[in-house]
Each structure stands twice: as C-alpha cells, then as structure tokens.
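To start, the structure under review is shown below, and the notes come after it.
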Amino acid sequence: MTHNPHTTYADLLAAITADSGTEIINPATDEVVGTYRQATVEDLNEAVSTARAAQREFAGLSDAERSQLLLQAADAIEASGEALVELLSREQGKPLNGPNARFEVGACAAWLRATASFDSPDYTAVDDDITATVSYRPLGVVGAIGPWNWPMMITVWQIAPALRMGNAVVIKPSEYTPLSVLALVKVINTVLPEDLVQVVAGGGEVGAALSTHGGIDKLMFTGSTATGKKIVEASAQGLTRLTLELGGNDAGIVLEDADPAAIAGDLFWGAFINTGQTCAAMKRLYVPAALYDDVCAALVAVAQASPMGVGLEEENVLGPLQNKQQFDIVDRLVKEATAAGARVLVGADPDYGAPGNFYPTTLVADIDPDNPLVVEEQFGPALPIIKYEDLDWAIEEANKLDVGLGSSVWSSDRAKAREVAARLEAGTTWINSHGAVDPRVPFGGIKSSGYGVEFGTEGLKGLAYPHIING
Ligand code: NAD
C-alpha cells in the first residue's frame with residue numbers, strides 16, 4: 001500500500017489548501033479555515049479527459065480487484081481519521097461527537113467496505129428456451145455534485161458504487177465545504193489509480209458546466225429540488241443518466257400507544273441530527289392530543305440536555321448552521337410561526353451579534369398545519385410539533401406535500417406501526433427511529449425528492465448499464 005502522509009490535520013490542510021483563492025470561514029467562529037482555488041472550464045475539461053483515460057485502464061480490473069481498492073480506501077480514511085474529522089468540524093461546523101464529525105468519517109469507511117462486499121448484480125436467465133446473461137458494465141465518467149451538510153459521507157455514497165462498477169468520477173463539491181471533499185479525495189487517492197477520482201471545486205457555475213459536459217456519462221446529484229430541476233433540464237442535451245437525491249420535508253407520526261419518555265431521545269435525534277441539516281431528518285412531528293403535552297415536555301428535556309457550541313469542544317453535540325443563508329431561512333420560518341401565534345417551547349431568539357451562525361435548538365408547539373415552518377423545508381434546528389385528534393387526518397397531512405424522502409411512525413405496537421407506515425408516501429418509512437440509513441438498504445426519494453436509489457446492489461445498478469448476451 002502507498003504511504004499515506006496525511007495523518008495530521010496540519011499536513012492534510014497543507015496538502016489541499018491553495019496559497020490564494022477563495023477563503024472558507026469556520027461557521028462556528030468566523031475564523032478562516034483555509035483557501036481553495038476555483039476550477040475553471042479548462043480544469044474541468046482536463047479532469048474529464050484524464051479521468052476517461054484512467055477509467056479505460058481501471059475497467060480492465062476484475063470486480064474483486066476493484067473491491068479490494070475500496071477496502072484500501074477505507075483503511076486510508078481510518079489512518080487519517082482524526083485529521084479528516086478536525087477539518088470537517090472546522091469547515092462544516094459539526095461537532096466532533098454525537099451523530100456528527102467522527103460519525104461521518106466513520107461512515108465513509110463503513111460505506112466503502114460495505115460497497116466492496118455487495119453481491120454483483122450480474123445474473124443469467126436460463127431455461128429450455130433462453131440463455132441470457134446480464135452483465136453490468138461501467139458507464140464511463142460519472143459526475144458527482146454534492147451539498148454542504150454531509151460533504152464527506154455523501155461524496156463516498158456517490159463514488160463508492162461508481163468505482164465498484166468500474167467508473168471514474170469527477171466531483172463538484174459544494175462551494176461551502178470544498179476542503180472536506182478535497183481532503184477526503186487526497187486521502188483515498190493515496191491508494192487509488194491516478195486521475196480516477198478528481199475534484200473540480202467551485203460554485204454553481206462549475207456544477208452547471210459539469211452537468212452539461214459532453215464527457216459525463218452519468219450524473220449523481222445530491223442537493224436541493226430547485227437545483228435538481230435545473231440538472232434535469234441540462235441532462236436533456238446529452239440524455240445524461242441521473243440519480244437525484246433532493247430535498248425533503250419528512251413527517252413523523254406518533255401513535256396514541258407510544259411511550260413519550262421512551263421515544264423522546266430518538267425523536268429528538270431524528271429531527272436534530274447534524275443540527276437539523278439533514279435531508280432525511282424529521283422536519284414536522286404529528287402528535288395525538290392525548291400525548292401532546294407529555295411528548296412536548298420530554299422533547300424539551302432532551303433539547304435542554306444537548307449542548308450546542310463550537311464543534312472542536314468535545315462536550316458539544318449540536319453546532320452552528322453551516323452558512324448564513326441557511327441561518328436566515330430558519331430565522332425567517334420561526335419568526336413567521338411565532339407571528340402567526342405558534343408557541344415556542346424552547347429556543348428561538350438567536351444572539352445575532354455573536355460569532356458563528358448559531359441558531360438555538362427550537363421546538364414550536366400549537367402551530368397551524370399550513371404554517372410555513374411546517375410546509376417548507378427548514379433544514380435547521382427548529383421542529384414544529386402539530387397536534388392531531390384523528391389519525392387519518394395526520395396521515396393525510398403527512399402525505400400532502402410534493403416531497404417524499406423519509407417518514408416515521410412511533411408506537412409500542414409494531415404491527416400497528418407497520419400498518420400506518422404502509423400508508424405513508426415516501427422512499428423510506430422508519431418505525432421508532434428516523435433517518436437511519438444502512439449501506440445494504442436502498443435509499444431514495446419520490447415526488448420532488450428525486451429519483452433513482454443509492455446503496456446496496458440496487459445502487460450498484462445505477463452506476464452501470466446491463467449488457468445482455470442472449471443466445
Ligand atoms: P444546492 O442545490 O444549493 O447545492 C447543491 C450542489 O449543487 C452544490 O454543489 C452547488 O454548487 C451545485 N449547483 C448549484 N447550482 C447548480 C447548477 N445550476 N447546476 C449544477 N449544480 C449546481 O443544495 P444545498 O443547499 O447544498 O443542500 C441542501 C439541500 O440538499 C436540501 O434541500 C437537502 O434536503 C438536500 N439534500 C438531499 C439529500 C438526499 O439524499 N436526498 C442529502 C443531502 C441534502
């Protein structure tokens with residue numbers, strides 16, 4: 001294995017930071033983390049053409065050899081683990097502990113290993129009349145465009161199946177978190193073939209150039225629904241294949257037989273994982289009138305026991321919003337809710353003058369079901385809790401929006417919960433948890449939350465085309 005020199009934070013940062021360019025600001029402290037150079041159209045062209053050359057050779061490796069490289073990439077990430085964690089925390093803002101930076105870097109290694117272990121999707125259909133072999137072949141060069149909330153983990157979600165299936169990848173990270181992705185790729189490139197995985201850092205214009213580039217055979221996009229729609233339009237030109245993981249506004253429904261004290265912790269983290277900046281976080285919670293006060297009180301207790309602060313301080317489990325734009329969205333939505341008469345149980349009222357984009361953990365009760373905080377994606381630490389009398393009404397409310405990424409049902413009766421789950425419109429419905437993804441289980445959205453799935457053997461098929469030999 002190639003020597004990995006990027007095991008300290010200082011070495012890792014030095015390896016990716018540019019002498020001049022665009023500064024990245026720590027969203028917890030307003031300090032400069034580092035500087036990156038924005039890619040030009042020439043850089044993009046060069047990346048796609050060298051990636052294509054690397055891919056031709058890489059596609060000649062066996063499936064077992066490619067899987068072996070994924071395992072080595074996982075080892076490399078672990079060898080640089082704490083350096084990656086520190087950079088991620090400084091750039092994204094997320095704390096070290098809780099379901100945050102250490103969790104994210106750990107998930108990168110775990111996803112690479114799991115992706116190396118899946119069964120190949122290849123198969124043979126054979127009987128008296130037919131012998132057809134179905135072999136999944138690489139598509140070529142995959143473009144990967146990502147968001148700023150889980151920058152390393154989502155990059156691995158995109159590149160691991162692409163590599164397993166024999167593709168090269170050109171990544172366009174979010175302009176808010178490019179250093180995390182540059183660092184991750186620097187580390188895995190100590191073991192991967194040269195030019196196979198490359199990063200073109202920059203803003204939406206670099207993403208748009210990538211999505212219209214004639215040399216891209218497939219685009220993996222994770223981000224907002226609005227940008228997803230632009231990418232669909234751009235894909236018409238070259239009929240580029242797409243996997244779209246877009247925004248969500250997941251509902252959770254508590255049933256009358258649930259035990260508020262028993263579910264409060266998981267309910268809270270289902271909503272506030274990564275300080276609410278998670279695609280499949282619970283973004284609206286429906287609670288029966290009989291349990292309403294108890295669930296609200298139990299959630300307030302968890303909120304008050306969950307420290308928010310600068311990510312590098314070990315005790316914190318909640319951090320700042322990654323950027324001021326997102327802070328403003330959360331702030332506006334909470335203000336609109338209170339102006340309409342909703343009741344703040346805890347939080348709101350941020351300290352506008354303090355450093356960082358900290359918005360307090362906020363729980364909002366007695367809110368109208370059509371309030372913007374309920375029907376728009378807040379993507380931050382503010383959860384509306386809606387009271388219901390009639391379960392059928394709650395299910396209708398949960399299904400009423402034009403998004404469908406995740407949803408959840410909370411109950412002491414698993415059979416009853418599964419019945420309700422079967423009536424919810426979403427890619428995934430969890431029971432007594434929310435947002436827990438597993439590399440073996442397909443994940444994706446319906447409606448405006450996107451199309452295509454990631455993970456597992458289903459996910460591998462999205463990064464390949466089936467070639468059939470029939471006869
Ligand atoms: P965004 O759409 O603003 O940006 C995502 C990426 O698209 C960035 O890299 C950006 O530079 C790029 N981009 C912008 N304009 C582009 C264009 N015209 N063409 C191509 N690329 C362009 O999203 P964001 O604010 O970074 O992320 C938050 C959103 O992502 C939320 O809605 C969240 O729900 C969603 N998300 C979804 C998932 C999922 O798996 N479904 C996961 C994480 C985040």
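Atom set for the values below is all heavy atoms of this structure, side chains included, hydrogens, waters and symmetry mates excluded. As the structure lists them, so they are numbered: ligands from 1, and atoms in each ligand from 1.
Contact analysis puts Pro173 in contact with ligand 1, with a non-hydrogen atom separation below 4.0 angstrom. Under a 4.0 angstrom heavy-atom cut-off, Gly248 registers as being in contact with ligand 1. In this structure, Gly450 does not count as a contact residue of ligand 1, since none of its heavy atoms falls inside 4.0 Å of the ligand. Ligand 1 is never approached by Tyr176 to a heavy-atom distance shorter than 4.0 Å.
A salt bridge links Arg90 with Glu86; the closest basic N to acidic carboxylate O contact falls under 4.0 Å.
At a 4.0 Å heavy-atom cut-off, ligand 1 touches Ile231 through the side chain alone. Under 4.0 Å from ligand 1, not a single heavy atom of Thr278 appears. Neither the backbone nor the side chain of Trp150 comes within 4.0 Å of ligand 1, counting heavy atoms alone. Only the side chain of Ile154 comes within contact range of ligand 1, with a heavy atom under 4.0 Å; no backbone atom does.
Atom CD of Glu82 and atom CG of Leu87 lie 12.5 Å apart (nearest 0.5 Å). The NE2 atom of His434 sits 8.0 Å away from the CH2 atom of Trp410 when rounded to the nearest 0.5 Å. Rounding to the nearest 0.5 angstrom, the gap separating the CH2 atom in Trp430 from the CG atom in Asp250 is 6.5 Å. In this structure, CD on Gln198 lies 3.5 Å from OG1 on Thr50, to the nearest 0.5 angstrom.
Per-residue contacts place Ser174 under 4.0 angstrom from the following atoms of ligand 1 (heavy atoms of the residue considered): 9 (O). The atoms of ligand 1 that sit less than 4.0 Å from any heavy atom of Leu405 are 41 (N). Listed by number with element, the atoms of ligand 1 under 4.0 Å from a non-hydrogen atom of Phe443 are 40 (O).
The aromatic rings of Trp111 and Trp157 lie tilted to each other, with the angle between the two planes from 30° to 60°. The aromatic rings of Phe272 and Phe268 sit parallel to each other, their planes meeting at less than 30°, with 60° as the upper class boundary.
Nearest-heavy-atom check against atom 41 (N) of ligand 1 across Asn274, Leu244, Val403, Leu246 picks out Leu246. For atom 2 (O) of ligand 1, the choice among Ser224, Pro151, Ala281, Gly203 with the nearest heavy atom turns out to be Ser224.
For a threshold of 3.5 Å applied to N or O pairs, the pair formed by Asn149 and ligand 1 contains no separation below that value. Between Thr225 and ligand 1, no N or O atom pair is found at a separation short of 3.5 Å. Taking distance alone, with nitrogen or oxygen atoms compared against 3.5 Å, Gly146 approaches ligand 1 more closely than that limit. Residue-to-ligand polar distances keep Thr222 apart from ligand 1: every N/O pair is separated by 3.5 Å or more. Residue Phe221 places no N or O, backbone or side chain, under 3.5 Å from any N or O of ligand 1.
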| query | Would Ile145 and Ile231 count as a side chain to side chain contact (heavy atoms under 4.5 Å, CB included) if you check the C-alpha gap in whole Å, the side-chain angles of each, and the deciding distance to 0.1 Å? | reply | CA-CA 10 Å; Ile145 302 179; Ile231 288 186; 4.1 Å; yes

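Other residues, nucleotides and ligands contribute only 12 or fewer heavy atoms inside 6.0 Å of the CD atom of Glu194. Summarising the local packing, NZ of Lys400 is surrounded by more than 12 heavy atoms from other residues, nucleotides or ligands at distances under 6.0 Å. Around CZ of Arg418, the count of heavy atoms belonging to other residues, nucleotides or ligands within 6.0 Å does not exceed 12. Shown here is Glu336, whose CD atom has more than 12 heavy atoms of other residues, nucleotides or ligands within 6.0 Å.
Of the protein's non-hydrogen atoms, the one nearest atom 22 (C) of ligand 1 is Thr227 CG2, 3.4 Å. Protein heavy atom nearest atom 38 (C) of ligand 1, with residue, atom name and distance: Cys279 CB, 2.9 Å. When hydrogens are left out, the protein atom nearest atom 31 (C) of ligand 1 is Glu377 OE1, 3.6 Å; that is the closest non-hydrogen contact. What sits closest to atom 25 (O) of ligand 1 on the protein, heavy atoms only, is Trp148 NE1, 3.0 Å. For atom 18 (N) of ligand 1, the nearest non-hydrogen atom of the protein is Lys230 CD, 3.7 Å. Among all non-hydrogen protein atoms, the one lying nearest atom 27 (O) of ligand 1 is Pro147 CB, 3.4 Å. Among protein heavy atoms, the minimum distance from atom 33 (C) of ligand 1 is reached at Phe379 CE1, 3.3 Å. The shortest contact between atom 30 (O) of ligand 1 and any protein heavy atom is with Gly223 C, 3.0 Å.
Separation of the Phe443 and Phe455 ring centroids falls under the 6.0 Å cut-off.
Contact between Leu267 and Met282 at its shortest, heavy atoms only, is O-CE, 3.4 Å.
Exactly one of Thr22, Asp43, Thr17 qualifies for a side-chain hydrogen bond (donor to acceptor under 3.5 Å, both in side chains) with Arg37. That residue is Asp43.
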